[in-house]
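Read through the structure below, which is laid out as structure tokens, and then see the notes.
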Amino acid sequence: MSSKHDTLTYNTSYSRSKSATIEEWIALQDAWKEQLMLEPEVLCSAVDLESLLETFPLLGGVDITPDREHENVAYVGIAVLSSRTLELKYCQTYRANLEVPYIPGFLGFREAPALINAVECLKKEKPQYFPHVLFVDGNGILHPRGFGSACQVGLFLDLPTIGVAKSFLNVDGLNSLQVKDQLYQQENRWLPLVGSSNRLLGAALLSNGSVKRPIFVSVGYRIKLLEAVNLVFHACRYRVPEPIRIADHISREAARQALCRMQES
DNA sequence: GCGACAG
DNA sequence: ATCTTGTCGC
């Protein structure tokens, strides 16, 4: 793996700068949510995996590992795989500056600009590997205001995205324990998540036969939940879909390398 | 005040 | 996200 990575610049148009207040962020999420053009979703016809793989030949995954020394520095990993074979086609890491802290419910304001920049770099430098759908570490519409980081990334890239969270964010009357109980009781390996608003918000998945802790999948942008669930199952060799697992691995490695270089000097 | 809190 | 050892299993 190359230890060379480009430094990303922060594009404030995606998050309106560091001086924004929480109220302004909420207003932005509410406004952006309207642009998702979401039709209230129903679990209708079964999805054909073959046609899914034709629609999405390349699967992308992004993840971020924070720098141990600098609060506002992080390493973005991006991985692109063949959807049919899960063969790794391309991966790269980038150093990025994060301009705002993490606040629960506003992860996208911290991470999305760096993730978006990484995908745009890929589009420019290796257009043949530009993915047809992007797995994002975090939630899509399974979010207090229906606009998680995966929505933010997808909307501004105009690219289908799937939110994949490793822990549950209590939202719309849904609670982590009750969701897990319900999932474990039934025989299916996944459970649709319907909140007290009666809307379908996402799904809890036991992604692999040997996995005990669920992951939580929700629509980010321009994809159906059933398509997202099928793609996630297909892409899971382990608990987390391969594109995200690889992106996580290389971004951690980049952070580790940076720490080593720092301790040398 | 209390609990909950993606990464 | 991170703090943290061993242990069981393929």
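We name chains A, B, ... by the order of the sequence lines, and we start the count at 1 in each one. Given the structure is predicted, the values throughout are model-derived calculations rather than measurements.
Considering only side-chain N and O atoms, Asn170(A) lies nowhere under 4.0 angstrom from the phosphate OP1 or OP2 of dG3(B). Taking 4.0 angstrom as the limit, Arg145(A) places none of its side-chain polar atoms (N or O) nearer than this to OP1 or OP2 of dA6(B). The phosphate of dA6(B) (OP1 or OP2) has no side-chain N or O of Lys166(A) nearer than 4.0 angstrom. Dashed line: the shortest gap from a side-chain N or O of Ser176(A) to OP1 or OP2 of dA4(B) is not under 4.0 Å. Taking 4.0 angstrom as the limit, Arg252(A) places a side-chain polar atom (N or O) nearer than this to OP1 or OP2 of dT2(C).
Stacking between Tyr102(A) and dG7(B) is shown: the ring centroid lies under 5.5 Å from the centre of the six-membered base ring, and the planes differ by under 30°.
Across all non-hydrogen atoms, the minimal contact from Arg252(A) to Thr65(A) is N-OG1, 3.3 Å.
Residue contacts for Gly163(A): at a heavy-atom cut-off of 4.0 Å it reaches no nucleic acid atom on any strand shown. Residue contacts shown for Phe168(A) are limited to sugar-phosphate atoms, with no base heavy atom under 4.0 Å away.
Of all nucleotides listed (dA1(C), dA6(B), dC3(C)), dA6(B) comes nearest to the side chain of Ala165(A).
Cation-pi geometry between Lys123(A) and Phe130(A) is met: the NZ or CZ atom falls under 6.0 Å from the ring centre, inside 45° of the normal.
Comparing the same atom, P, in dT4(C) and in dG3(B) gives a spacing of 26 Å after rounding to whole Å.
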